[in-house]
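Each chain gets a letter, A, B and so on, in the order its sequence line appears, and its residues count up from 1. Predicted, not measured: the structure shown is a model, and the values here were computed from it. Heavy-atom basis, side chains included; hydrogens, waters and symmetry copies ignored.
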Amino acid sequence: MLTKTPLFVHFLAAFAIAAVLPMLLPSYVLATEILLFGLAVIGCNLLLGYTGLLSFGQALFFGSGSYFAGLMSIHLNLGIVPTLLITMALGALIAILVGVFAIRRAGIYFIMLTLAFAQLGYYIAFLAEPITGGEDGLLDIQRPALSIPFVAKFEFDSDFSFYALTGAIFIVVFVLMQRLVKSPLGTVLTAIKQNEARAEAIGYNVKLYKIVVFAFSGSVTALAGALYAFMLKFAPLSNIDLETSSQILFMTILGGLGSIYGSVLGSAVFLVASDFFAELWPRWMILLGLLLIFVMLYMPGGVSKSLEDLFAKISAAKDQRGKKP
Amino acid sequence: MSTVLQTKLLTKRYGDFVANTDINLSVAKGTIHGVIGPNGAGKTTFFNCLAGTVPTTSGQVLLEGRDITTLAQHKRPLAGLSRSFQVTSLFSDLSVFENLRLAHQALSPGKGFVFWHAAHETGSTAEAVDMVLARTSLIGERDTLVSELSHGQQRVLEVGVALMSKPRVLLLDEPTSGMGIDDIPQMITLLSDLKKECTIVLIEHNVGLVTEVCDAVTVLQGGKVISEGTPHEVSNDEKVKIAYLGEDL
């Protein structure tokens, strides 16, 4: 069933998330990270949660976004809006390239192809040291400013101002993605996920749709990567490595497949838990691993689904109590 | 009567295995044409070639005189040819309405790529869906999830989804497969009703249904046509009896 939540409700929700997040967290940096990884997870969810395509190569788009945006800021100095838009276009282009080849195979072979492309990207970034900085990463990235001619020029040097920028972008993308998943395109993606053969039989060019969703995923993920590079003022090689791919994938499954809200939740739970565990114990990855195992085993559908079920139970209990005299 | 769907020397090979050999079929307009044969006769392969689900090895498929042999499957509904599946193949976590709506949306080329506005659920879309809901007696199940429908209802919806494209030729792969004896009359009524506006090609195991609704029958065995004619003619054909019951009889 299509739920008919008006778009402005999603806008308000996204606004509320962006406004409240820093109040709950120790730093703007962590809040920034949650929102930008939230975008990357939305990109992953478009493929996995909505279309049923498990991509193990999201870091290719994320890392490419970091490099493109970083290089543009160093060499071209275009301002924040053109930089991010061009990064998104390039991200889409790379994703189309990967998509065109990867979707020729299904299942395990598809997954391996996405992984192989990402590894290819990693080694290119590793070897192209004069351009990407190789193992050291791309250093000395400056955050481009937002200049509106004759009106004002905004710099994003402080943690707060950069958070405000990320928050604004997050709200826009969040609302657009809510629109997308309920659009004709979104419904076709759901159809493909549920029954590819039938989707083709009723008249949809399934391959073309898969390439289109790759393009969307690539551009949103590259945007996230760009913001991450600007946050760090540095594009580490690890942005394009296997661990980043699996991290995005973990966040996606953790939050809940096929939910834009779940995407943000997945990013938040993952990063807050990492932050918390890291303070407890230097071997915090073990604790994180245990958390993930727990969620996989006992919260099928991810954290968002469990929360939904919990709210449903509470409201059912309230109704019951209300009926009693 | 004019021919709407025709195959000329249609052959389908899977490696060394020949599933269909030189099949010539002519389906007359406004009829229900049955394709029957024992298990492994190549019916479903033949059907997949007609629907474009698999490419043919050689030969031709003509729809209203137009050569559609190499036309991609997803373009065939728009060309007037639509198919159903033997094993129910629906979007099972979506509502009945959404299943039909998706089939309707597929008919406007490019419509599915629209991402800037919400999917239409009213107006002409709802009208088209409601019409098929009424014909298939599923109007009361409009908002039911497909996975919650009875098997019989799913079989009927299976045909309904294929109907959304207002096909001129409807390919039905065992529409009664797995249906209970009580549900079959509903399917027979539906098929007879559909015959008024489109031509139907039917793969079927249920001989009773074939004799009751089909105007013409083609019998396949070992990937070849062994008999053709009215249901009465075919059922009296010695070759058909042997194919179904074995040499000894």
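Geometrically, B:R13 does not engage B:F17 in a cation-pi contact, judged by NZ or CZ lying under 6.0 Å from the ring centre and within 45° of the ring axis.
One finds no salt bridge joining A:D309 and A:K313 here, because no Lys/Arg side-chain nitrogen approaches an Asp/Glu carboxylate oxygen to under 4.0 Å. Under the 4.0 Å criterion applied to side-chain N and carboxylate O atoms, A:K305 and A:E308 are not assigned as salt-bridge partners. Under the 4.0 Å criterion applied to side-chain N and carboxylate O atoms, B:E204 and B:K43 are not assigned as salt-bridge partners.
Residue B:K75 does not touch chain A at all, counting heavy-atom pairs closer than 4.5 Å. When heavy atoms are compared at a cutoff of 4.5 Å, B:A103 approaches chain A by way of both its backbone and its side chain. Contact annotation for B:S82: neither backbone nor side-chain heavy atoms come within less than 4.5 Å of a heavy atom of chain A. Interface residue A:F216: only side-chain heavy atoms are found under 4.5 Å from chain B.
Between chain A and the residues B:N99, B:L90, B:L78, the largest count of heavy-atom pairs under 4.5 Å involves B:L90. For the options A:V212, A:N195, A:V206, heavy-atom pairs under 4.5 Å to chain B are most numerous at A:N195. Chain B forms more heavy-atom pairs under 4.5 Å with one residue of A:L7, A:L176, A:L208, A:L189 than with any other, namely A:L208.
To the nearest 0.5 Å, atom OH of residue A:Y298 and atom OG of residue A:S306 are 13.0 Å apart. Rounding to the nearest 0.5 Å places CG of B:L94 at 11.0 Å from CG of B:L100. B:C214 contributes atom SG, which lies 8.5 Å from atom CD1 of B:I36 (distance to the nearest 0.5 angstrom). Considering CD1 of A:I17 and CD1 of A:I171, their distance stands at 9.0 Å, rounded to 0.5 Å. Note: B:I23 CD1 to B:T7 OG1 = 6.5 Å, rounded to the nearest 0.5 Å.
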Stepwise, does the salt bridge (charged side-chain N to carboxylate O under 4.0 Å, His left out) test hold for B:R142 with B:E98?
-> CA-CA 9 Å; B:R142 197 176 191 267; B:E98 182 61 7; over 6 Å; no
Are A:I103 and A:F214 close enough, and set up right, to give a side chain to side chain contact (heavy atoms under 4.5 Å, CB included), and what steps lead you there?
-> CA-CA 10 Å; A:I103 60 152; A:F214 254 100; 4.1 Å; yes
Evaluate the side chain to side chain donor-acceptor pair (under 3.5 Å) criterion for residues A:Q58 and A:S55: first the C-alpha distance (whole Å), next the side-chain angles of each, then the deciding distance (0.1 Å), finally the verdict.
-> CA-CA 6 Å; A:Q58 292 303 96; A:S55 157; 2.7 Å; yes
Steps toward salt bridge (charged side-chain N to carboxylate O under 4.0 Å, His left out) verdict (B:R135, B:E197) = CA-CA 13 Å; B:R135 298 197 79 161; B:E197 61 199 69; 2.7 Å; yes
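When each of B:L202, B:I200, B:T189 is tested with B:V213 by the rule side-chain contact (heavy atoms from CB on, under 4.5 Å), just one qualifies, namely B:L202.
Applying a 4.5 Å heavy-atom cutoff, none of the residues of residues 36-52 of chain A approach chain B. Residues of residues 147-176 of chain B lying under 4.5 angstrom from chain A, judged on non-hydrogen atoms, are B:E158, B:V161, B:A162 in numerical order. For residues 45-53 of chain B, an interface with chain A (any heavy-atom pair closer than 4.5 Å) does not exist.
For B:D183, the salt bridge (charged side-chain N to carboxylate O under 4.0 Å, His left out) criterion is met by no residue, not counting sequence neighbours.
Ring planes of A:Y261 and A:H10: tilted class, angle from 30 to 60°.
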